[in-house]
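Everything below concerns the one structure shown next.
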Number of protein chains: 2
Amino acid sequence: MAYCNWFFLEKTLNTKNEVATGHRSGCPINLTVEVVGDKWSLIVVRDMMFGNKRHFRDLLTHSQEKIASNILADRLRRLTAEGIVSKADDPSHKQKAIYSLTEKGIELVPVFAMIGAWGSKWLPVSEELSIRARLLEEGGPPLWEEFMDDLRVAHMGVMPDPKKTGPDVRERLQAAYEAVLARQASGRASEVTG
Amino acid sequence: MAYCNWFFLEKTLNTKNEVATGHRSGCPINLTVEVVGDKWSLIVVRDMMFGNKRHFRDLLTHSQEKIASNILADRLRRLTAEGIVSKADDPSHKQKAIYSLTEKGIELVPVFAMIGAWGSKWLPVSEELSIRARLLEEGGPPLWEEFMDDLRVAHMGVMPDPKKTGPDVRERLQAAYEAVLARQASGRASEVTG
DNA sequence: CCTAATGATTGCTTATTGCAACCGGTTAAT
DNA sequence: ATTAACCGGTTGCAATAAGCAATCATTAGG
């Protein structure tokens, strides 16, 4: 990748590529940015992946970043068209849809891990918001694989490994987050009292 | 990361965070997307990182994706303000500027590696455009570290390791790309000749 | 019956992107 | 000396995208 180079020949290929496929270029970086490189698509996938949000209203009302409904609808449509997300009827309500990550979507886990690691190192995040990034980074590819297996169970109906017991990766990340919160809350209490 | 959860307490924190810092939320994923999650910033960094483009005109005219000059100027300004890129005078011309990646920018290498790996697996890239993604993915963190060291030499004036000889990582990726091109060109020739 | 839930859609305003021409100054070529 | 190329942008305008808040018809629960 990048990847795309600067030779005359590639300029020619670029023209043909754009005509044939509608893409700015055939570079994997560029193609990925075209698919998920807007301000909202990765947020939607994140909420599905880590927050277990699978319904429109959930994604809309529990969005920390306050996504607008037209943007959410548009992004879900695009992600579904791209094959990163799938949509099915939910049996609990005639109008209710359940959105699921596909294998293509699940394999964004390493991308999220690296984005999170970079962000938590270089941007003004708080401890409780960076703990999960740290754990994913420390866990490395074995932890990502385990997380992806968990997601295949939850989102694609893959049979869980019968040898696997205990909380899944998302739950463990959540527990670590809550532990930091609890520590901060008790620290805050002693500040107030002390 | 992701991280950001859905508790009442976090809703409160979110409000304070937004007031204090101007961010949608303090989640590392969201913060990273706010910084580099538009359609063009990662392309600019990619061209600096992998194409060794360091000047405005180079970035403008050798952009495979045909970036517009106002967008390029804006993105360079933003990346510089964010500390991902630095700008200095180039001694070869009074008006000429040279843009360099900072440590913060260089440490985006793993993000690019993962984005490239995902894109080359799931999106319609060609073989020659995905070979470098494959190599970076296969090389893993040791290869990324080596690449980052190379970038620190090229962009930050770090002294090269005297024990290191031979082509740097970017050159090796480029050579692999050219080898695929050469193979395709000879394959094409035999097609033409029958 | 009324209220809540459902996944959107809509009308409008604001912001961003993209195109292509342009700018004043500096350096190189003729 | 004149002309051409280089330099990093800036500009005016049209097209597109994002954001806000209200709205919609249908479905389910009390």
Side-chain angles (χ1 to χ4, degrees), chain A residues 6 14-15 18-19 22-25 30 33-45 47-48 53-82 85-100, chain B residues 6 14-15 18 22-25 30 33-44 47-48 53-82 85-100:
Chain A
W6 326 113
N14 182 45
T15 305
E18 201 167 341
V19 169
H23 297 293
R24 296 185 298 186
S25 84
N30 173 67
V33 166
E34 283 182 10
V35 171
V36 296
D38 62 284
K39 293 285 187 189
W40 288 107
S41 294
L42 284 179
I43 301 295
V44 173
V45 175
D47 289 355
M48 292 177 70
K53 297 300 164 191
R54 310 281 295 279
H55 300 286
F56 190 94
R57 290 282 162 161
D58 271 357
L59 287 158
L60 185 67
T61 54
H62 294 105
S63 161
Q64 252 209 332
E65 293 82 14
K66 309 287 180 352
I67 189 169
S69 61
N70 58 329
I71 302 301
L72 177 59
D74 180 63
R75 293 302 185 279
L76 284 170
R77 184 193 56 75
R78 287 195 211 174
L79 289 168
T80 303
E82 188 56 45
V85 166
S86 65
K87 175 182 177 182
D89 292 337
D90 190 292
S92 63
H93 190 310
K94 265 260 181 68
Q95 292 175 307
K96 192 162 189 172
I98 184 161
Y99 293 92
S100 304
Chain B
W6 326 115
N14 182 43
T15 305
E18 204 168 336
H23 297 294
R24 295 185 297 186
S25 83
N30 173 66
V33 167
E34 284 182 11
V35 169
V36 296
D38 62 283
K39 292 287 187 190
W40 288 107
S41 295
L42 285 180
I43 300 294
V44 173
D47 290 355
M48 292 177 70
K53 297 301 164 190
R54 309 282 294 279
H55 301 285
F56 190 93
R57 289 285 160 164
D58 271 356
L59 287 158
L60 185 68
T61 56
H62 293 105
S63 162
Q64 251 209 331
E65 293 82 13
K66 308 289 178 1
I67 189 168
S69 62
N70 57 331
I71 301 300
L72 176 60
D74 180 63
R75 292 303 184 279
L76 284 170
R77 185 193 55 74
R78 288 195 210 174
L79 289 167
T80 303
E82 188 56 44
V85 166
S86 64
K87 177 183 177 183
D89 293 336
D90 191 298
S92 64
H93 190 306
K94 264 255 183 65
Q95 294 173 307
K96 194 163 189 171
I98 183 162
Y99 292 93
S100 304

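We name chains A, B, ... by the order of the sequence lines, and we start the count at 1 in each one. The analysis underlying the following values was restricted to heavy atoms, covering all of them including side chains, and did not include hydrogens, waters or symmetry mates.
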Per-nucleotide protein contact string for nucleotides 24-30 of chain C, where B marks a base within reach and S marks sugar-phosphate only (heavy atoms under 4.0 Å, - for neither) = BBBS---

Quick test: give all pairs of protein nitrogen or oxygen and nucleotides 12-19 of chain D nitrogen or oxygen below 3.5 Å, distance rounded to 0.1 Å.
| from | atom 1 | to | atom 2 | distance (Å) |
| --- | --- | --- | --- | --- |
| dA18(D) | OP1 | Arg75(A) | NH2 | 2.4 |
| dA18(D) | OP2 | Arg75(A) | NH1 | 3.3 |
| dA18(D) | OP2 | Arg75(A) | NH2 | 3.1 |
| dG19(D) | OP2 | Trp40(A) | NE1 | 2.3 |
| dG19(D) | N7 | Asn70(A) | ND2 | 3.1 |

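- Taking CE of Met48(A) as the reference point, atom CG of Leu79(A) lies at 8.0 Å (rounded to 0.5 Å).
- Judged purely by atom type and a 3.5 angstrom limit, Lys39(B) uses its side chain to pair as donor or acceptor with the backbone of Val33(A).
- Atom CG in Leu76(A) sits about 15 Å away from atom P in dT6(C), given to the nearest Å.
- When the side-chain hydrogen bond (donor to acceptor under 3.5 Å, both in side chains) test is applied to Ser100(A), the partners found at least two apart in sequence or on another chain are Arg54(A).
- If you measure from atom CZ of Arg57(A) to atom P of dT9(C), you get 12 Å, rounded to the nearest angstrom.
- Atom C1' of nucleotide dT27(D) and atom NE2 of His55(A) are separated by 15 Å, given to the nearest angstrom.
- Atom CG in Leu60(A) sits roughly 11 Å away from atom P in dC20(D) (whole-Å rounding).
- In this entry the distance linking NZ of Lys53(A) with P of dT6(C) reads 12 Å, nearest Å.
- For the pair Ile43(A)/Ile67(A), no side-chain contact is recorded, criterion being any heavy-atom separation below 4.5 Å from C-beta on.
- Residues that satisfy the side-chain hydrogen bond (donor to acceptor under 3.5 Å, both in side chains) test with Asp74(B), not counting sequence neighbours, are Arg77(B), Arg78(B).
- For Ala97(A), the side-chain contact (heavy atoms from CB on, under 4.5 Å) criterion is met by Lys87(A), Tyr99(A), not counting sequence neighbours.
- Residues that satisfy the side-chain contact (heavy atoms from CB on, under 4.5 Å) test with Asp90(B), not counting sequence neighbours, are His55(B), Ser92(B), Lys96(B), Ile98(B).
- Between Glu65(B) atom CD and dG18(C) atom P the separation is 11 Å, expressed in whole Å.
- The two residues Leu59(B) and Asp47(B) have their closest heavy-atom pair at CD2-CB, 3.7 Å.
- Inter-residue side-chain proximity for Val45(A) and Val36(A) is flagged as unmet; no heavy-atom pair is nearer than 4.5 Å.
- The CG atom of Leu72(A) sits 15 Å away from the C1' atom of dC20(D) (whole-angstrom rounding).
- Following rounding to the nearest Å, Asp89(A) (CG) and dA28(D) (P) show an atom-to-atom distance of 12 Å.
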